[in-house]
Amino acid sequence: MSIDYSEKIPNNVDLVGNRKLQRALESWQPNFLNWWKTMGPAVPTENVYLRTAVAVGREGWAHFDHVPMDEYRWGVFLAERNTDRRIAFGEQKGEPVWQQVPGEYRADLQRLIVIQGDTEPASVEQQRRLGESAPSLYDLRNLFQVNVEEGRHLWAMVYLLHAYFGRAGREEAEALLQRNSGDIDSPRILGAFNEETPDWLSFYMFTYFTDRDGKYQLGTLKESAFDPLSRTCEFMLKEEAHHMFVGTTGVDRVVARTAELMREHDTDDIAPYGGIPLDVIQKYINFHYSVSLDLFGSERSTNAANYFTAGLKGRWQEERRKDDHVLTEDAAQIDVVRAGEITTDEVSALLALNHDLRREYIADCETGLKRWNRVLEKGGIERRLHLPHVGFNRHVGVFGGHHITPKGDLVGEDVWAANQDKWLPSEADKTHVRSLMRPVYEPGKIAGWIAPPSKGINDKPVDYEYVHFP
Ligand code: BYC
């Protein structure tokens with residue numbers, strides 16, 4: 001069904017045909033808009049060159065235009081329904097997928113949807129003030145694009161809560177606007193979403209590492225036997241790709257500028273020349289990667305096993321895997337810390353599903369590192385960036401409660417405390433990065449700590465006026 005933009009809430013789920021649901025969502029809409037006004041982008045704009053979804057098919061799904069941000073058409077878009085779709089894994093493998101929520105899985109599905117939904121507005125809150133210090137209009141526009149789409153992803157989850165979870169779902173939808181990132185009394189659910197995103201290097205790292213967790217989690221929910229969730233996630237993944245592009249190319253450009261300044265001044269210490277030193281970039285990688293790894297939950301998880309067995313949450317690219325998709329007979333290795341050593345244990349493959357997903361994620365993260373190291377190589381710099389050990393700076397799972405260096409050595413509290421500032425951004429590093437964050441709002445101009453993008457958005461030139469101010 002095509003997207004109907006004549007309605008108050010654009011959608012392709014036939015909202016007009018369900019008055020009760022339409023009214024419920026229309027009564028949530030002002031609360032959302034109020035949240036957007038108070039917790040969304042802080043910098044005032046007249047309009048922004050934004051992408052809006054106009055169809056859900058493969059081709060030509062998006063339309064670009066200058067729009068006032070608070071008039072953005074947030075709506076409910078699900079990928080096309082495949083009427084033959086069958087459950088691909090778990091104990092009900094082969095049966096038709098569900099169009100309604102089976103009573104026995106209600107609580108678990110609601111929990112997964114609430115956790116997913118909670119991250120979306122959280123990221124908008126975390127990035128609220130970044131617009132005040134954008135390095136270019138191009139970057140400012142990308143930030144806002146990410147923000148409006150995270151807002152839409154909140155709509156995606158709220159639609160499911162309203163449409164399939166009755167009163168409890170409506171209450172959860174309200175609560176999604178009441179918890180706030182970093183709020184002492186009412187924080188967001190997952191750790192990484194209560195951290196600050198105080199500068200643009202953090203933003204690029206967040207969109208590289210944390211949005212990538214989103215890609216992998218959405219990928220597993222796309223496999224779900226609950227078809228509306230699957231279809232919602234499928235379409236969200238399409239939008240998500242741009243968010244990771246912002247992260248990947250953002251870090252590319254910071255690394256490129258750093259290499260340029262290192263060469264120009266023949267020193268690693270480029271801070272006095274207005275650049276971000278390579279070891280600071282490495283520390284930001286260490287931080288954002290480790291915080292994002294925590295989002296995968298424990299290596300050994302009965303929750304994950306139960307979700308899989310029930311058909312609620314599959315594996316990354318479930319249907320391409322060459323096994324029985326039931327996994328009751330399979331084993332897997334997971335990391336453990338035993339007797340002062342990092343080693344592995346064999347467990348049922350079902351218990352190791354968070355670990356399995358995390359492994360896929362890590363392999364994907366490596367591609368960014370390769371890319372950034374190529375930028376260094378091309379820039380004539382010998383030093384390289386790398387991912388720290390998987391156990392470094394972890395708070396969730398087997399590594400939580402241990403101190404592990406970026407190289408993977410288990411160390412005591414004293415060694416950790418003495419080296420923490422070498423491995424994670426120190427106050428001085430953060431202060432320096434923040435000192436570089438001055439807005440550059442002139443079309444085609446770029447801040448001195450980052451290289452310009454190689455091309456503009458939607459074939460527009462880099463010096464296009466992507467954002468108009470009042
Ligand atoms: N922080 O068996 P365990 C995105 C809790 S990002 C706090 O280890 P499980 C986006 C857990 O809740 C993707 N608590 O973990 C990115 C459980 O509590 P209960 C978001 C945590 O359940 C950028 C207990 O520890 N989507 O979309 O297998 C911008 C033991 O649980 C954490 C999802 O995450 C943590 N990090 O896995 C915008 C998908 N980790 O039940 C958007 C939905 C664990 O004992 N969520 N706990 O009270 C899930 O699939 C799973 O809930 C998790 C955890 C993967 C998060």
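First listed ligand is number 1; within each ligand, the first listed atom is number 1.
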By number and element, which atoms of ligand 1 are closer than 4.0 Å to a non-hydrogen atom of [X]?
| X | value |
| --- | --- |
| Ile189 | 7 (C) |
| Phe193 | 6 (S), 10 (C), 16 (C), 23 (C), 29 (C) |
| Asp213 | 6 (S), 13 (C) |
| Ser301 | 2 (O), 3 (P), 9 (P), 28 (O) |
| Gly191 | 1 (N) |
| Leu112 | 43 (C), 46 (N), 49 (C), 50 (O) |
| Asn354 | 9 (P), 15 (O), 28 (O), 37 (O) |
| Lys313 | 49 (C), 50 (O), 55 (C) |

With nothing but distance in play, are any N or O atoms of [X] less than 3.5 Å from an N or O of ligand 1?
| X | result |
| --- | --- |
| Thr302 | no |
| Asp211 | no |
| Gln116 | yes |

message: Any protein heavy-atom neighbour for atom 25 (O) of ligand 1 (distance below 4.0 angstrom)?
response: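 For atom 25 (O) of ligand 1 the answer is no, since every protein heavy atom stays at 4.0 Å or beyond.
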message: Can you confirm whether some protein heavy atom lies under 4.0 Å from atom 45 (O) of ligand 1, or whether none does?
response: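 Answer no: nothing from the protein, no heavy atom, is under 4.0 Å.
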task: For a side chain to side chain contact (heavy atoms under 4.5 Å, CB included) with Glu174, tell me which candidate from Glu172, Arg170, Gln178 qualifies.
output: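 Among Glu172, Arg170, Gln178, the one meeting side chain to side chain contact (heavy atoms under 4.5 Å, CB included) with Glu174 is Gln178.
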Which protein non-hydrogen atom lies closest to [atom], naming both residue and atom, and how far is it?
| atom | answer |
| --- | --- |
| atom 52 (O) of ligand 1 | Ile115 CD1, 3.3 Å |
| atom 47 (N) of ligand 1 | Leu190 CD2, 5.0 Å |
| atom 40 (N) of ligand 1 | Gly297 CA, 3.6 Å |
| atom 16 (C) of ligand 1 | Thr210 O, 3.4 Å |
| atom 53 (C) of ligand 1 | Leu295 O, 4.2 Å |
| atom 30 (C) of ligand 1 | Asn303 ND2, 4.3 Å |
| atom 36 (N) of ligand 1 | Asp294 O, 3.0 Å |
| atom 5 (C) of ligand 1 | Arg111 NH2, 4.7 Å |

Flag, side chain of Asn12 to backbone of Leu78, donor-acceptor distance under 3.5 Å: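 The answer is yes, because a donor-acceptor pair under 3.5 Å joins these two groups.
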Is the [X] ring parallel, tilted or perpendicular to the [Y] ring (thresholds 30°, 60°)?
| X | Y | result |
| --- | --- | --- |
| Trp423 | Trp416 | tilted |
| His153 | His243 | parallel |
| Phe209 | Trp372 | perpendicular |

With the side chain counted from C-beta on, respond yes when [X] and [Y] share a heavy-atom pair under 4.5 Å apart, and no when they do not.
| X | Y | answer |
| --- | --- | --- |
| Tyr307 | Leu353 | no |
| Leu130 | Gln127 | yes |
| Leu15 | Lys8 | no |
| Tyr159 | Leu21 | yes |

field: Centroid separation His242 to Phe245 less than 6.0 Å
entry: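 Close enough - the centres of the two rings lie under 6.0 Å apart.
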message: Tell me if the centroids of the rings in Trp155 and Trp28 come within less than 6.0 Å of each other.
response: yes
task: Starting from the C-alpha separation in whole Å, work towards a yes-or-no answer on side-chain contact (heavy atoms from CB on, under 4.5 Å) for Thr249 and Arg371.
output: CA-CA 10 Å; Thr249 56; Arg371 213 183 138 110; 3.9 Å; yes
query: Under 6.0 Å from the six-membered ring centre of Tyr208 and within 45° of its axis: does the NZ or CZ of Arg212 meet both?
result: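 Yes, Arg212 sits over the ring of Tyr208.
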query: What part of Ser298 sits under 4.0 Å from ligand 1 if we count only heavy atoms: the side chain, the backbone, both or neither?
result: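 For Ser298, backbone and side-chain atoms both sit under 4.0 Å from ligand 1.
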field: Lys455, NZ atom: more than 12 neighbouring heavy atoms under 6.0 Å
entry: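 Result for NZ/Lys455: open.
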- line: A student comparing Glu120, Glu150, Gln127, Lys215 should find that the heavy atom closest to atom 29 (C) of ligand 1 comes from Glu150
